[in-house]
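I have placed the structure first, in the form of structure tokens, so that the comments after it can refer back to it.
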Protein chains: 2
Amino acid sequence: MSERLIQSIERAADVLEIFLTTNSELSVKEISEKVNLSKSTVHGIIKTLEHRGYLQQNPDDLKYRLGIKLFELGNFVGKHLDIRSIARPIIKDLVNELNETVHLVLLNRNEIIYIEKEDGPRTLTMYSHIGKRAPVHCTGVGKAILAHLSDQEVDRLLSIQNLLSFTEFTMTDKEEIKNHLKSIRECGYAVDDEEIELGLKCIAAPIFNHQGNVIASISCAAPKIRLDEERLPKVIAGIRKAALEISKALGYKGVMQR
Amino acid sequence: MSERLIQSIERAADVLEIFLTTNSELSVKEISEKVNLSKSTVHGIIKTLEHRGYLQQNPDDLKYRLGIKLFELGNFVGKHLDIRSIARPIIKDLVNELNETVHLVLLNRNEIIYIEKEDGPRTLTMYSHIGKRAPVHCTGVGKAILAHLSDQEVDRLLSIQNLLSFTEFTMTDKEEIKNHLKSIRECGYAVDDEEIELGLKCIAAPIFNHQGNVIASISCAAPKIRLDEERLPKVIAGIRKAALEISKALGYKGVMQR
DNA sequence: CATTGCGTTCGATATTGTCGAACACCATTC
DNA sequence: GAATGGTGTTCGACAATATCGAACGCAATG
């Protein structure tokens, strides 16, 4: 683990990633304060990143924002995420069937990242966007993945940072979560019942690769009222079927339990 | 222009951008050959980029590919490109009306970059994808933008690199192109008639911002046979109308000429 | 069991990124 | 219109640190 990392590159990454948490343009001074480097140092970093198209300067106020090169690289990555192109048509069919928003996520580090999203026709939809991150312990998609990882792996992921609480229903006790994962593993789907946002309910199922490892998951997200006793079984069946379909398209050899 | 750029960051950018031209995973050795740096140096750069999620290593063959962080950053940029969200519904309507693929592009450096694409229902569509780049001098979208830039700017853009020829119809003489731009400016739309790919025809129109400067363009791209004398006027009118609509949504105060 | 071809580690060296200070520029203020 | 405060930007000296080559570990190959 004693890797020799190149500081300038790390600093450049720091600068770029600050923009992910700010939502607006930033001045040299603002950036230098946020990364704790001198103005002149930050200026050098910024000018280099700008020169390569990773940042761009607004000529009006001289502030900076993320550049088109990142858009170019990001879309290239998206294009080569083959699970995405495999899943997209299946997700579209599912949205048509359920009339609700469906998400596809990957596990990345200790969080999940949305890589595909198809909104349902209803106006009341969840706030989410492709590329966004969310915690694993309080999302259906996160729990669906956790439930099929090894105990050590789950332990590791849940220990990287404190388990934040978002609503009164968020589980923050590691043992409680691990027990809960068992039942998810048994029934084949995960439910997030207002654990990250009040009023929001999600039904999620895991996606496996050709080696039988979970690598992703999909979920249906909707206001709790819309997922009533009548519709719930339909949604669960639909999500599970779609997840299995995507898994099989990825070369998964298993079958649906029960 | 005598800026002091930080070499390590440039080198890291070199490494990342190599992947845009390769379409596959690369080994340390392959990368080090392509960037002309020693294996150990490249190894350091790669490990740093991997540590930050800009690259990821395939555990099977130890080769590297672009990482999820770039996907995250790229989608963030895409989300904040407001012209994109403004244009998307207008483009969708246009595709429904014309039944052909429509592209939205920005000028970036001396190339255009596709930032939105909506395929038509036909099976024979153009190969393009969001984030891709193309030259300005032989695309409808490129010429539509050039036609509304200043003479000096056009000169500068056309001089950055040699004007490559793709088909027998590609214009590579700067004076010829500049004359051609005049007629585009007069009629309000640009045509690419097999100038980048045999059989491909595009009709493009410029998009202006609130200051009246061209900042983007949209085009309809289709096999030449499908844009016959009967359909052409419809397509031209549709593209021009949509371009003006987007411009107005961006605060443009002008009107359509003639 | 040599051999080849990788990825990776390590230490010495000189390159080069960093900081503080100074400068340029544009507001606003008096 | 001089003075002020807040920017972004430039510059030189110094010390930090990225670089290279050599060596190592580990497969696969013959």
Side-chain angles (χ1 to χ4, degrees), chain A residues 1-19 22-70 211, chain B residues 1-19 21-70 109 211:
Chain A
M1 266 298 123
S2 67
E3 283 158 356
R4 193 146 59 161
L5 300 173
I6 295 171
Q7 296 203 1
S8 332
I9 297 177
E10 294 250 312
R11 283 190 268 260
D14 283 340
V15 168
L16 289 180
E17 289 162 31
I18 276 179
F19 287 86
T22 354
N23 277 37
S24 66
E25 300 186 341
L26 293 170
S27 66
V28 176
K29 184 164 180 273
E30 287 167 330
I31 297 171
S32 74
E33 280 163 4
K34 280 173 197 282
V35 295
N36 272 323
L37 291 170
S38 73
K39 255 197 316 173
S40 48
T41 302
V42 169
H43 185 255
I45 296 172
I46 285 176
K47 280 298 165 194
T48 310
L49 290 170
E50 184 191 18
H51 176 243
R52 291 310 210 100
Y54 291 73
L55 288 179
Q56 63 189 59
Q57 190 172 30
N58 183 334
D60 297 334
D61 55 9
L62 300 184
K63 291 192 172 191
Y64 294 85
R65 76 176 80 117
L66 294 176
I68 282 284
K69 179 68 99 207
L70 290 168
Q211 297 166 321
Chain B
M1 267 302 119
S2 67
E3 282 159 356
R4 193 147 59 160
L5 300 173
I6 295 171
Q7 295 205 2
S8 332
I9 298 177
E10 294 249 313
R11 284 189 267 259
D14 283 339
V15 169
L16 290 180
E17 289 163 32
I18 276 179
F19 286 86
T21 57
T22 354
N23 277 35
S24 66
E25 301 186 340
L26 292 170
S27 66
V28 177
K29 183 163 182 271
E30 287 167 328
I31 297 170
S32 73
E33 282 163 3
K34 280 174 198 282
V35 296
N36 271 322
L37 290 171
S38 73
K39 254 196 316 174
S40 49
T41 302
V42 169
H43 184 255
I45 295 172
I46 285 176
K47 281 297 164 194
T48 309
L49 289 171
E50 185 190 18
H51 176 241
R52 290 310 210 99
Y54 291 74
L55 287 179
Q56 63 188 59
Q57 190 172 30
N58 183 335
D60 297 332
D61 55 9
L62 301 183
K63 292 191 171 192
Y64 293 85
R65 77 176 81 116
L66 294 176
I68 283 284
K69 179 68 98 208
L70 289 168
R109 320 243 158 175
Q211 297 167 320

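Any value given below was found using the heavy atoms of this structure, including those in side chains, with hydrogens, waters and symmetry copies removed. Given the structure is predicted, the values throughout are model-derived calculations rather than measurements. In what follows, chains carry the letters A, B, and so on, assigned in the order in which the sequence lines appear, proteins first and then strands, with residues in each chain numbered from 1.
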Partners passing side chain to side chain contact (heavy atoms under 4.5 Å, CB included) against B/Arg109 (at least two apart in sequence or in another chain):
none

May I ask you to verify whether the side chain of A/Lys29 and the base of D/dG8 hold a donor-acceptor pair under 3.5 Å?
no

Side-chain-base donor-acceptor pair under 3.5 Å for B/Ser40 and D/dG21:
yes

What nucleic acid atoms does B/Gln57 come within less than 4.0 Å of, heavy atoms only: base, sugar-phosphate, or nothing?
sugar-phosphate

Once you apply a heavy-atom cut-off of 4.0 Å, does B/Ser38 come out as touching a base, just sugar-phosphate, or nothing?
base

When you measure from the side chain of B/Ser27, which nucleotide among D/dA18, C/dG7, D/dG8 comes out closest?
C/dG7

For the side chain of B/Val28, counting heavy atoms from C-beta on, which of C/dG17, D/dT9, C/dG7 is nearest?
C/dG7

Separation of [N] [atom2] from [X] [atom1] (nearest whole Å):
X       : N      : atom1 : atom2 : value
B/Ile46 : C/dC6  : CD1   : P     : 14 Å
B/Lys39 : D/dA18 : NZ    : C1'   : 18 Å
A/Ile31 : C/dT18 : CD1   : C1'   : 17 Å
B/Leu5  : C/dT15 : CG    : C1'   : 16 Å
A/Ile6  : D/dA18 : CD1   : P     : 6 Å
A/Gln7  : D/dA16 : CD    : P     : 11 Å
A/Lys63 : C/dC26 : NZ    : P     : 18 Å
A/Asn36 : C/dG20 : CG    : C1'   : 16 Å

Are A/Lys29 and A/Glu33 ion-paired here, with the side-chain N under 4.0 Å from a carboxylate O?
yes

In terms of side-chain geometry, is the basic nitrogen of B/Lys34 or B/Asp14 positioned less than 4.0 Å from the acidic oxygen of its partner?
no

Tell me whether A/Gln57 contacts the main-chain N or O of A/Tyr64 through its side chain, where contact means a donor paired with an acceptor under 3.5 Å.
no

What one should report as the nearest heavy-atom pair of B/Val42 and B/Val28 is CG1-O, 4.1 Å

According to a strict under-4.0 Å criterion, is A/Ser8 in side-chain N/O contact with OP1 or OP2 of C/dT16?
no

So does B/His43 get a side-chain nitrogen or oxygen closer than 4.0 Å to the phosphate oxygens (OP1/OP2) of C/dT8?
yes

